[in-house]
Amino acid sequence: MPDAPPSLAELAEEGRGAIAAAGSTAEIEDVRVRLLGRKAPLTVLKRSIGDLPPEERGRVGREANQAGAELAALLAERTAALEAEELDRRLATDRVDVTLPGDPPSSLGSLHLITQTRREIEDVFVGLGFRVLEGPEIEFDFYNFTALNHPPGHPARMLQDTFYLSGGDTPPDSPPASPGGGPPETPQASTDVLLRTHTSPMQVRAMEAQEPPIYVIVPGKTYRRDSDATHTPMFHQVEGLAIDEDITLADLQGVLLAFARSIFGPEREVRLRPHYFPFTEPSVEVDISCFRCGGTGVAPDGGRDGLCKGSGWIEILGAGMVDPNVLGFVADRGYDPDRVQGFAFGMGIERIAMLRHGVPDLRLFFENDVRFLAQFGR
Ligand code: DAH
């Protein structure tokens, strides 16, 4: 004789235990099928109620429905609890730490040595109270030459140095469209617009934009028709300009001494040599004491130091006191040459980088040979 089927009370009791014991949403789904599915004992029992003697059908039907409703409620409750637990666990393990570095950081490359050097130079001058400005690489002849006291016909305007941009038939030596009175509204002559040959045009542009006192440096690209081991058609300069009421050449020397010591070491000295630039008066070339031989001119082997060619000094830039004629172009902006004066300087970023790192050929900077560039990666 087969075992007697489990009583409703037993089914309910067993169901409660199974629901409580389920440890995951997958398990609780199995339990649900086992307790309330089509083949579940409770379902089978409900289906067979019609076979019972009529006087028992009502009671058994009621009890079966109650047991089913109780189990369904317990199942729903446990399912929700398990779902919540699993969500919490997933959130804890899947969490993305947005503060971790990108992956992989080393494959991003590094700053070009010229960019690194430019930033170091900027840091020094910002520390001395200068602001950093940038200016246009495509420039009017007016700012590049005329307003910097290069009168028309001055040798520095000669075509072999400069990339001129605007077309037209006007011969290069024709007078500028707007002699001395500002840049032309509409450039016409083929010499009116050019690739700036130096960052110096920003001297006048900066003074047009700001009344004195002014302390600015201007890093940027510059262009000349030139190409050999120490010249490339595109190169970088940093211009400096300081105009105030009591500025002397000693201020220039002090600023450049601080610069030289920051970039080339605390032992450095600077020396000013007389020179000529159209837009400064007096003009100087600035040397720093040689950082390789310590200024003695003697190499460790007793011979002549090759870096400074035995002189103990290395030329690093051009500078001078701003010519009153230049201030005359911005006199209406408060640059009265009788009241304010100041200094300007201009240096080549490549030259500074080559000196510091012993780079023998300027063209290496722009050939994009990763073996060269990676040596300065940081
Ligand atoms: N602009 C000059 C050049 O490219 C460098 C220079 C010299 C800039 C003297 C200056 C300066 O501001 O005062 O050769």
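Counting starts at 1 for both ligands and their atoms, in listed order.
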Q: Do any nitrogen or oxygen atoms of G318 come within less than 3.5 Å of a nitrogen or oxygen of ligand 1?
A: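 The answer is no, given that G318 and ligand 1 share no N or O pair closer than 3.5 Å.
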
Q: Which of the atoms of ligand 1 are close to Q203, meaning less than 4.0 Å from one of its heavy atoms?
A: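 Per the distance check, 12 (O).
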
Q: Give the residue, atom name and distance (to 0.1 Å) of the protein heavy atom nearest atom 11 (C) of ligand 1.
A: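 Scanning the protein heavy atoms, the shortest distance from atom 11 (C) of ligand 1 goes to F279 CE1, 3.4 Å.
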
Q: Taking only heavy atoms of F277, which atoms of ligand 1 are found under 4.0 Å from at least one of them?
A: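 Contacts of ligand 1 toward F277, numbered from 1: 7 (C), 9 (C).
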
Q: Going hydrophobic residue to hydrophobic residue with side-chain gaps under 4.5 angstrom, can you get from L111 over to V126?
A: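 Cluster IDs for L111 and V126 differ.
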
Q: Which option, R196, M347, E285, E239, owns the non-hydrogen atom nearest atom 12 (O) of ligand 1?
A: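 Result: the heavy atom closest to atom 12 (O) of ligand 1 is in E239.
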
Q: Could you list the atoms of ligand 1 found under 4.0 angstrom from a heavy atom of G320?
A: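 Selected atoms, number and element: 13 (O).
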
Q: How does A319 reach ligand 1, by side chain, by backbone, by both or by neither, if only non-hydrogen atoms under 4.0 Å count?
A: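 Contact part for A319 vs ligand 1: backbone (N, CA, C, O).
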
Q: Would you please classify the geometry between the F259 ring and the F125 ring as parallel, tilted or perpendicular, with 30° and 60° separating the classes?
A: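 Ring orientation, 0 to 90° scale: parallel.
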
Q: Could you list the atoms of ligand 1 found under 4.0 angstrom from a heavy atom of S200?
A: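 Matching atoms, with element in brackets: 1 (N), 8 (C).
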
Q: Begin from the C-alpha positions of H112 and T115 and carry the test side chain to side chain contact (heavy atoms under 4.5 Å, CB included) through to its verdict.
A: CA-CA 5 Å; H112 193 284; T115 306; 3.9 Å; yes

Q: Run the salt-bridge test on R333 and E208 with the 4.0 Å N-O cut-off and return the result as yes or no.
A: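 E208 and R333: not salt-bridged.
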
Q: Taking 4.0 angstrom as the limit and counting only heavy atoms of T280, give me the atoms of ligand 1 inside it, by number and element.
A: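 Answer for ligand 1: 13 (O).
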
Q: As a quick check of understanding, evaluate side chain to side chain contact (heavy atoms under 4.5 Å, CB included) for W313 and E315, giving each step before the final call.
A: CA-CA 7 Å; W313 295 96; E315 182 204 322; over 6 Å; no

Q: Heavy-atom distances under 4.0 Å decide this one: backbone, side chain, both or neither, for R224 against ligand 1?
A: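 Under 4.0 Å from ligand 1, R224 contributes side-chain atoms alone.
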
Q: Number the atoms of ligand 1 from 1 as they appear, then name those within less than 4.0 Å of a heavy atom of Q237, with their elements.
A: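 In order of number, 3 (C), 4 (O).
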
Q: Tell me whether R205 forms a cation-pi arrangement with Y143, defined as NZ or CZ under 6.0 Å from the six-membered ring centre and within 45 degrees of its axis.
A: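 Yes.
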
Q: Parallel under 30°, tilted from 30 to 60°, perpendicular over 60°: which one fits the rings of F145 and H150?
A: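 Because their plane-to-plane angle lies in the 30° to 60° range, the rings of F145 and H150 count as tilted.
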
Q: Look only at interatomic distance and state if T197 has a nitrogen or oxygen under 3.5 Å from any nitrogen or oxygen of ligand 1.
A: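 By distance alone, the answer is no.
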
Q: Determine whether the side chains of T230 and D228 contain a donor N or O and an acceptor N or O closer than 3.5 Å.
A: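 Distance-only check passes for T230 and D228.
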
Q: Would you say F345 and ligand 1 have an N/O pair spaced under 3.5 Å apart?
A: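 Between F345 and ligand 1 (N or O atoms, distance only) the closest approach is under 3.5 Å.
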
Q: Within the 4.5 Å heavy-atom criterion, are L194 and E139 side-chain neighbours or not?
A: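 Yes, their side chains come closer than 4.5 Å.
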
